[in-house]
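Per chain, numbering begins at 1; letters A, B, ... match sequence-line order.
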Protein chains: 2
Amino acid sequence: MTKLFKPYYPIAATVDVVIFTIEEDELKVLLIKRANDPHKNRWALPGGFLSQNEPTKNAALRILKDKTGVKDVYLEQLYTFDTLGRDPRGHIITISYFALVNPDATRLQKIEDLQTPTFFNIKKLPRLAFDHKTIIEYAKKRLAYKLEYTNAAFSLLPKKFTLTQLQNVYEIILDKKIDKRNFRKKYLSLDFIKPTHEKLKGIKQRPAELYSFINKKPIEIQRFF
Amino acid sequence: MTKLFKPYYPIAATVDVVIFTIEEDELKVLLIKRANDPHKNRWALPGGFLSQNEPTKNAALRILKDKTGVKDVYLEQLYTFDTLGRDPRGHIITISYFALVNPDATRLQKIEDLQTPTFFNIKKLPRLAFDHKTIIEYAKKRLAYKLEYTNAAFSLLPKKFTLTQLQNVYEIILDKKIDKRNFRKKYLSLDFIKPTHEKLKGIKQRPAELYSFINKKPIEIQRFF
DNA sequence: CCAAAAGTGTTGACTGTACACCCATGT
DNA sequence: ACATGGGTGTACAGTCAACACTTTTGG
């Protein structure tokens with residue numbers, strides 16, 4: 001603290017990061033195994049304490065890189081969790097972030113201190129430390145919104161992808177079947193993607209056209225009145 | 001702090017509250033005049049430091065009541081602002097909340113220490129303390145979303161209201177004209193409101209039917225696929 | 001030629017939008 | 001009787017949802 005505050009009570013703040021990916025047709029979340037108490041050896045979101053004069057997003061990026069090897073992700077602030085008792089060490093709030101990554105471009109490091117970063121199927125999560133289950137559930141809702149109202153799917157896909165892969169992303173996250181023709185018509189009409197005129201090769205069926213996102217910046221679509 | 005953390009750096013956290021209302025056909029924000037430095041005598045969002053073991057939402061309610069007299073509002077967490085330098089006293093993050101109130105039911109107290117809580121037209125804000133302008137802009141976006149996707153308008157209206165009043169809320173917040181017939185058709189089809197079979201009286205035109213919200217809990221509407 | 005996934009259009013239902021006049025009341 | 005805002009319907013356009021067959025490739 002650069003100066004002291006009269007009657008004001010300092011608290012501790014952590015950041016926690018929810019990293020989603022899609023792998024083997026499953027929505028997965030990145031977890032690490034805690035090296036220390038509390039909850040030693042339990043699976044948890046990558047997270048840690050803020051450093052001095054460190055913005056929370058920087059802290060999230062730093063911790064993510066140090067504990068999992070994941071870097072260069074676009075983080076979005078999710079929510080600040082502050083329930084009393086969420087951390088047995090005392091009054092600790094956590095500012096959570098979330099991001100989407102493409103597993104092909106995301107090599108997990110095996111860190112020496114046994115943090116073993118691992119993507120878990122969101123439907124088969126182990127017992128989690130702290131209130132991290134709550135945080136993941138909240139993040140999942142936000143993810144579904146993002147997919148419905150933005151071009152966020154680009155973060156989950158390789159640079160070039162087929163419409164079937166894209167549709168799979170939607171089906172997995174929204175957890176429902178979508179009609180192929182309607183999906184293509186609608187998604188193409190949004191003008192988020194364009195054909196590359198390349199084809200997927202080396203497979204035994206008809207090769208699919210590869211598409212790419214026109215814009216790798218977040219774009220929203222509008223509604224109501 | 002109930003226990004000490006080894007190398008971990010305590011920070012200070014404040015909460016700030018954005019209270020919106022609609023009055024005289026204008027969207028207004030509740031501000032107070034700061035009693036102390038920094039930014040003494042400048043207008044600011046009601047806010048203050050977290051107390052020991054106090055959840056942020058409780059802190060927001062406490063501060064709101066103490067500094068403005070406003071109570072019994074439904075607060076929703078907005079965002080955590082943490083830009084370095086946002087507070088000249090040091091590394092202080094703020095967890096912001098927002099709420100909608102009906103001015104008829106919200107009596108502002110004139111507090112002895114000259115905090116003078118006042119609703120300002122959002123289009124005519126004075127110079128604000130800290131990064132409170134940024135916070136208000138963020139809150140305004142969130143407000144427009146809420147209105148489009150939920151029944152949140154109930155918080156801005158008296159128990160009984162006319163469809164014209166409801167439409168005004170939308171026109172003011174979305175900042176555009178809406179066709180009267182289309183608005184009525186659409187809003188009624190959402191089944192958020194029901195006629196009370198009472199009429200507005202004592203005015204010189206044809207008296208309007210009064211409606212009330214069926215449900216004063218947040219409800220969302222769905223889209224896409 | 002077979003298996004597998006890619007690709008493609010039409011129809012009917014529903015929703016959004018544009019638009020103008022009569023009605024009920026107080027003065 | 002008039003001024004004021006309240007209240008109402010229709011038609012056209014656009015979007016959504018349901019639905020099945022042909023094409024291309026590798027083996």
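For the pair A:I135/A:L45, a side-chain contact is recorded, criterion being any heavy-atom separation below 4.5 Å from C-beta on. With a 4.5 Å cut-off on side-chain heavy atoms, A:I93 and B:I93 count as touching.
Rounded to whole angstrom, the span from the CD1 atom of A:I178 across to the C1' atom of D:dA17 amounts to 13 Å. Between the NZ atom of B:K186 and the C1' atom of D:dT15 there is a distance of 13 Å, rounded to whole Å. The CG atom of B:D179 sits 11 Å away from the C1' atom of D:dT8 (whole-angstrom rounding). Regarding A:Q165, its CD atom lies at a distance of 9 Å from the P atom of C:dA6, rounded to whole Å. The nearest whole Å value for the distance from the CZ atom in B:F183 to the P atom in D:dG6 is 13 Å. Atom pair B:R181:CZ and D:dG7:C1' shows a separation of 10 Å (rounding to whole Å applied). If you take CG of B:N182 and C1' of D:dT8, they are 12 Å apart, rounded to a whole angstrom. In this structure, A:N168 places its CG atom 12 Å from C1' of C:dA5, rounding to the nearest Å.
Nearer to the 5' terminus of DNA chain C, by closest-nucleotide assignment, is the contact made by A:P207 (compared with the other of B:K199 and A:P207). Of the two residues contacting DNA chain D, namely A:K185 and B:T162, the nearest-nucleotide position lying further toward the 5' end is that of B:T162.
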What are the atom names and distances for every N/O pair under 3.5 Å that joins the protein to nucleotides 2-5 of chain D?
residue, atom, partner, partner atom, Å
D:dT4, O3', B:Q205, NE2, 3.3

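For B:K216, the NZ atom sits in a packed shell: over 12 heavy atoms of surrounding residues, nucleotides or ligands are nearer than 6.0 Å.
A:S212 contributes no side-chain N or O that, together with a main-chain N or O of A:K159, makes up a donor-acceptor pair within less than 3.5 Å.
A sub-4.0 Å separation between OP1 or OP2 of D:dG7 and a side-chain N or O of B:R184 is present.
By the 4.0 Å N-to-carboxylate-O rule, B:E137 lies close enough to B:K133 to be salt-bridged with it.
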Both distances under 3.5 Å, Watson-Crick or G-U wobble: on that basis, could you give the dot-bracket string for DNA chain C, with [ ] for crossing pairs and | for other-strand partners?
|||||||||||||||||||||||||||

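Screening residues 165-175 of chain A for salt bridge (Lys or Arg N to Asp or Glu O under 4.0 Å), with sequence neighbours left out, gives A:K123-A:D175, A:E171-A:K177.
A:D72 is linked by a side-chain contact (heavy atoms from CB on, under 4.5 Å) to nothing, counting only residues two or more places apart in sequence or in another chain. For B:K194, the side-chain hydrogen bond (donor to acceptor under 3.5 Å, both in side chains) test picks out no residue, with sequence neighbours left out. Under the side-chain contact (heavy atoms from CB on, under 4.5 Å) criterion, A:E209 pairs with A:P195, A:T196, A:H197, A:K199, A:Y211, not counting sequence neighbours.
Residue-level contact check: B:I203 touches the backbone only, with heavy atoms under 4.0 Å from sugar-phosphate atoms and none from bases.
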